[in-house]
Amino acid sequence: MQTFTSVGCTVCGCVCDDLTVTVDRGRVTGARGACKLAEPWFLAQNTSSSPAVLLDGQPAEPEAAFARAAEILRTARYPLIYGLSRSTTEGQRAAVALADRLGATIDTTASTGHAPSIVALQQVGESTCTLGEGKNRADLVVFWGSDPVVTHPRHMERYSVDPIGRWLPGGRADRFVVVVDEEETETAKRADLFVQVPSARNWDALWTLRMLVRPTPPGPLASCEGEPPTGSPCDPLLPGKGEEEPNPLTPFAPSPALSELAGRITAARCGMFFFGAGLTRGKLAHRTVEALLQLVSELNDRGRFYARRMRRFGDVAGADSVLAWQTGYPFGVNLSRGYPRYNPGEFTGPNVLARGEPDACLLVGSETVADFPPAALEHLRKIPVIALDSSGAEPPVPTAVRFTTAVYGIHRPGTAYRMDEVPIPLRVLLPTDYPSDADVLNELLKRVG
Ligand code: SF4
């Protein structure tokens, strides 16, 4: 039996790197420090199980699979490369090189997650910091549209709520924790304050907060009869209480909880806003995230305030980073003209598939494909799909060629980026005969000519 310490976990964007993993006869037998998401994942890892290669669903020789995959990619007029968040820097770099050679469109799983946040920060900038700085300084922690107890189980313990920080020697006791969400989540149950805001009213609530925390207090308040108590401008054409005429400039009644949040913000020395999927849904989600980023930037007039995206998958932050340093853009990049073009919506994977544009697709990890809109999934079923997936993963669409690849951080070393873009080295725990994503992609690069 072997014991490995300081093991990194890539199941979620926290990329915790303090696990102790025991291995016995080609299997992971224990994972100390792993959360309820990570433990079953580690225990399911072994040296091998799935066939290395499937051609049209049948086991085949690797040579035949590479030849078929290269042929599909070489003859495609509009190839799409999608995924990358279960890979590492090495695999992501190889995927960009292949996309460049093919003149393909390349996109990451950000387009099913934080794409609106990326668009927003490109518009208004971002006041941000590492998780370490937040842990050491933030005496106010706000989770907006995010439920880390469920999605990032060790986030609160390691980075945001419980740990002792350099300027927070009392740990949890020195922090005030707020959850803003549409319903009381598991995280809200552990918070000091819960502010209920329907997801469609997040923008309104954020703008109301911006008004409430300004040094000049708002004017007389009007009520929002019959509206959810968000403190949002329900309808600017409705007259406020005691007014005869509609007044579009009338400020609106914030809920008591939202007012308390404003008070906590003005009293805080340092605040950290973690925002998640609850803020990135809907067609105008980028405007909502812009409002949060602007609020946080403005708050730096009175103290230190930071915003941080709660990234979902292990290395989605790395996928954005690698694409950005290789092409200049973080996701949704088209290379068909020999230079990178970026346009979310026009070149993002789910959108191009829903419009039926690609005639071949290479999935580097298929874990988010099930989240695609039905039209995109339908088109994927009509075109040849090449998938690189770990042993046991099942793509939700039929594949022409499927390569089983090694898992970074289990079978292969690599670098994954935590949600705050801090690179974390990954260790090898088990031997395997499977190639890595980078090995397969580099071999395809050689073969497509
Ligand atoms: S919080 Fe995330 S990275 Fe940390 S152990 Fe759990 S699943 Fe792994």
Side-chain angles (χ1 to χ4, degrees), residues 3-23 28-46 84-89 109-110 112-114 130-132 134-135 138 141 143 145-163 171-172 177 179 185-191 272 274-278 308-321 365 367-368 390 392-393 406-430:
T3 302
F4 297 85
T5 55
S6 304
V7 173
C9 167
T10 57
V11 175
C12 83
C14 289
V15 196
C16 301
D17 57 351
D18 61 348
L19 275 58
T20 300
V21 174
T22 49
V23 169
V28 173
T29 53
R32 190 149 43 86
C35 68
K36 62 187 177 196
L37 294 184
E39 190 174 19
W41 184 79
F42 272 101
L43 294 180
Q45 303 298 334
N46 57 26
L84 313 183
S85 61
R86 59 160 283 277
S87 204
T88 57
T89 301
T109 55
T112 57
H114 269 284
T130 63
L131 295 172
K135 168 189 151 185
V141 178
F143 293 101
S146 170
D147 188 9
V149 169
V150 174
T151 56
H152 301 74
R154 294 189 66 206
H155 190 280
M156 296 169 82
E157 162 209 324
R158 290 199 83 206
Y159 307 116
S160 53
V161 173
D162 300 328
R172 175 69 179 89
V177 180
V179 168
T185 59
E186 290 302 313
T187 308
K189 290 176 190 158
R190 291 181 52 188
M272 191 93 192
F274 294 101
F275 62 100
R308 178 51 59 207
R309 286 167 278 161
M310 296 288 279
R311 306 304 301 265
R312 204 166 134 207
F313 298 108
D315 200 24
V316 64
D320 297 354
S321 301
E367 65 280 355
T368 62
S390 55
V407 179
Y408 287 107
I410 297 287
H411 307 120
R412 292 298 177 105
T415 306
Y417 281 70
R418 211 165 63 182
M419 63 167 73
D420 55 349
E421 280 104 28
V422 169
I424 305 287
L426 302 177
R427 307 187 56 172
V428 177
L429 309 178
L430 292 172

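Remember, it's 1-based here, ligands and their atoms both numbered in the order they're listed. For the single chain, residues carry numbers from 1 onward in sequence order.
- Under the 3.5 Å distance criterion, with hydrogens and angles disregarded, no donor-acceptor pair is assigned to the side chains of E367 and T109.
- Screening R158, R427, R418 for a salt bridge (charged side-chain N to carboxylate O under 4.0 Å, His left out) with D17, the sole residue that qualifies is R158.
- Remark: the backbone N or O of M419 is paired with a side-chain donor or acceptor of R308 at under 3.5 angstrom.
- Considering only non-hydrogen protein atoms, atom 1 (S) of ligand 1 sits nearest to R154 N, 3.4 Å.
- We find that D147 and K189 are not joined by a salt bridge, their nearest charged nitrogen and carboxylate oxygen being 4.0 Å or further apart.
- Here the protein heavy atom with the shortest distance to atom 7 (S) of ligand 1 is C35 SG, 3.4 Å.
- Using cut-offs of 30° and 60° for the angle between ring planes, the F143 and F274 rings count as parallel.
- Those atoms of ligand 1 that come under 4.0 Å of a heavy atom in V11, given as number and element, are 7 (S).
- Close contacts between ligand 1 and C16 involve ligand atoms 1 (S), 3 (S), 4 (Fe), 5 (S) [criterion: under 4.0 Å to a heavy atom].
- Those atoms of ligand 1 with a heavy atom of A38 less than 4.0 angstrom away are 5 (S), 7 (S), 8 (Fe).
- When all heavy atoms are compared, the tightest approach of T112 to R312 is O-NH1, 4.0 Å.
- D320 and A110 make their closest contact through OD1-CB, 3.7 Å (heavy atoms, listed as atom of the first residue, atom of the second, distance).
- Against a heavy-atom cut-off of under 4.0 Å, V15 is close to the following atoms of ligand 1: 3 (S).
- At a cut-off of 2.8 Å, H155 is not counted among the residues with an N, O or S atom near atom 2 (Fe) of ligand 1.
- Ranking protein heavy atoms by distance to atom 8 (Fe) of ligand 1, first place goes to C9 SG, 2.3 Å.
- Ranking protein heavy atoms by distance to atom 2 (Fe) of ligand 1, first place goes to C12 SG, 2.3 Å.
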